[in-house]
Amino acid sequence: MSDTTQLPAFIAALDRASEWFGRSLAWLIIIMMLIQFAIVLLRYIFSVNSIFMQELVMYMHASVFMLAAAYTFRHDGHVRVDIFYRGMTHRRQAMVNIVGIITLLMPVMVFVIASSLGYVANSWRIMETSSDYGGIPAVFALKTLIPLFAALMIVQGIIEVVRNGYVFTGRIPPSVGDDNHLEERV
């Protein structure tokens, strides 16, 4: 990624916050792994089953998946069919990124927010709980991840539009990524 100090102050602050948030979420993976290990030990060694712990792993997995999507986008880790893209100049890549974010990402994320708000609001209205006895009584919080995911993606999309706009106009140098992708060697 390009140096965030070359971006406008507000955008750079959002970019640093996105980086910090993504790195913080990575710790949930370790916690999730430890809880899953405890579930296996309790179940197969002590014959104890915990619906709460099983749902906790599911909630953590959903949190990492939904909330770290913007971090993945920031680091260009999303799926891209780049048959033509990789051969383009950095200016042209920046323009493709800007057009793609504005015409594809933003409308889809606005649609996700618009279509999920009623669903999430209804869940909060009834304070939806787990359908399993002993489960986490906060399904409404889990469903809140849907519009939150889309909002984080919109914020990261704005950051990327500004970053790519700066690359396109030559204000900042393009990010020099590792062009030695292992999946391309197969």
Side-chain angles (χ1 to χ4, degrees), residues 1-30 32 59-121 141-186:
M1 284 285 104
S2 301
D3 185 12
T4 59
T5 59
Q6 297 171 327
L7 295 173
F10 180 68
I11 297 296
L14 285 174
D15 197 39
R16 285 189 302 274
S18 177
E19 178 70 19
W20 175 85
F21 189 61
R23 288 183 182 269
S24 298
L25 280 170
W27 288 101
L28 271 182
I29 296 169
I30 294 171
M32 185 173 58
Y59 276 52
M60 283 192 246
H61 183 261
S63 298
V64 169
F65 183 81
M66 299 292 280
L67 301 179
Y71 175 81
T72 302
F73 180 47
R74 181 187 188 279
H75 287 280
D76 206 22
H78 55 286
V79 174
R80 176 190 309 246
V81 179
D82 63 353
I83 297 168
F84 302 109
Y85 181 85
R86 69 176 136 189
M88 295 179 180
T89 65
H90 291 297
R91 275 192 83 208
R92 194 168 271 182
Q93 286 178 350
M95 182 51 65
V96 167
N97 290 339
I98 291 168
V99 170
I101 292 167
I102 292 171
T103 62
L104 299 171
L105 177 78
M106 294 298 186
V108 169
M109 292 301 115
V110 168
F111 175 76
V112 168
I113 290 172
S115 62
S116 68
L117 283 180
Y119 175 70
V120 173
L142 183 65
K143 289 181 178 181
T144 303
L145 293 176
I146 299 168
L148 188 55
F149 147 76
L152 289 171
M153 289 296 287
I154 287 171
V155 169
Q156 191 63 46
I158 292 167
I159 294 167
E160 296 306 318
V161 165
V162 172
R163 184 188 328 273
N164 283 285
Y166 273 42
V167 169
F168 184 77
T169 59
R171 292 184 190 174
I172 62 173
S175 61
V176 181
D178 179 19
D179 290 335
N180 192 13
H181 297 286
L182 295 176
E183 68 274 8
E184 292 176 3
R185 289 190 199 170
V186 178

Does the side chain of [X] reach to within under 4.5 Å of the side chain of [Y], using non-hydrogen atoms?
{"X": "Ile159", "Y": "Arg74", "result": "no"}
{"X": "His61", "Y": "Ile29", "result": "no"}
{"X": "Pro8", "Y": "Tyr166", "result": "yes"}
{"X": "Gln6", "Y": "Pro173", "result": "yes"}
{"X": "Leu117", "Y": "Pro147", "result": "yes"}
{"X": "Asp15", "Y": "Arg163", "result": "yes"}

Should the pair Glu19-Arg16 be classified as a salt bridge under the 4.0 Å nitrogen-to-oxygen rule?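 Not counted as a salt bridge, because no side-chain N and carboxylate O are separated by less than 4.0 Å.
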Going from [atom1] on [X] to [atom2] on [Y], what distance comes out if it is rounded to the nearest 0.5 angstrom?
{"X": "Leu14", "Y": "Ile158", "atom1": "CG", "atom2": "CD1", "result": "8.0 Å"}
{"X": "Leu67", "Y": "Thr72", "atom1": "CG", "atom2": "OG1", "result": "11.0 Å"}
{"X": "Asn97", "Y": "Leu105", "atom1": "CG", "atom2": "CG", "result": "11.0 Å"}
{"X": "Glu160", "Y": "Ile98", "atom1": "CD", "atom2": "CD1", "result": "10.5 Å"}
{"X": "Leu25", "Y": "Met60", "atom1": "CG", "atom2": "CE", "result": "12.0 Å"}
{"X": "Gln156", "Y": "Met109", "atom1": "CD", "atom2": "CE", "result": "12.5 Å"}

Distance-minimising heavy-atom pair for Ala150 and Ile113: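 Nearest pair, atom of Ala150 first, then Ile113: CB-CG1, 3.4 Å.
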Check whether more than 12 heavy atoms from other residues, nucleotides or ligands sit under 6.0 Å from atom OH of Tyr85, and answer yes or no.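 Counting other residues, nucleotides and ligands, OH of Tyr85 exceeds 12 neighbours.
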In this structure, which one of Thr144, Leu152, Ile146 forms a side chain to side chain contact (heavy atoms under 4.5 Å, CB included) with Met66?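 Exactly one option meets the side chain to side chain contact (heavy atoms under 4.5 Å, CB included) with Met66, and it is Ile146.
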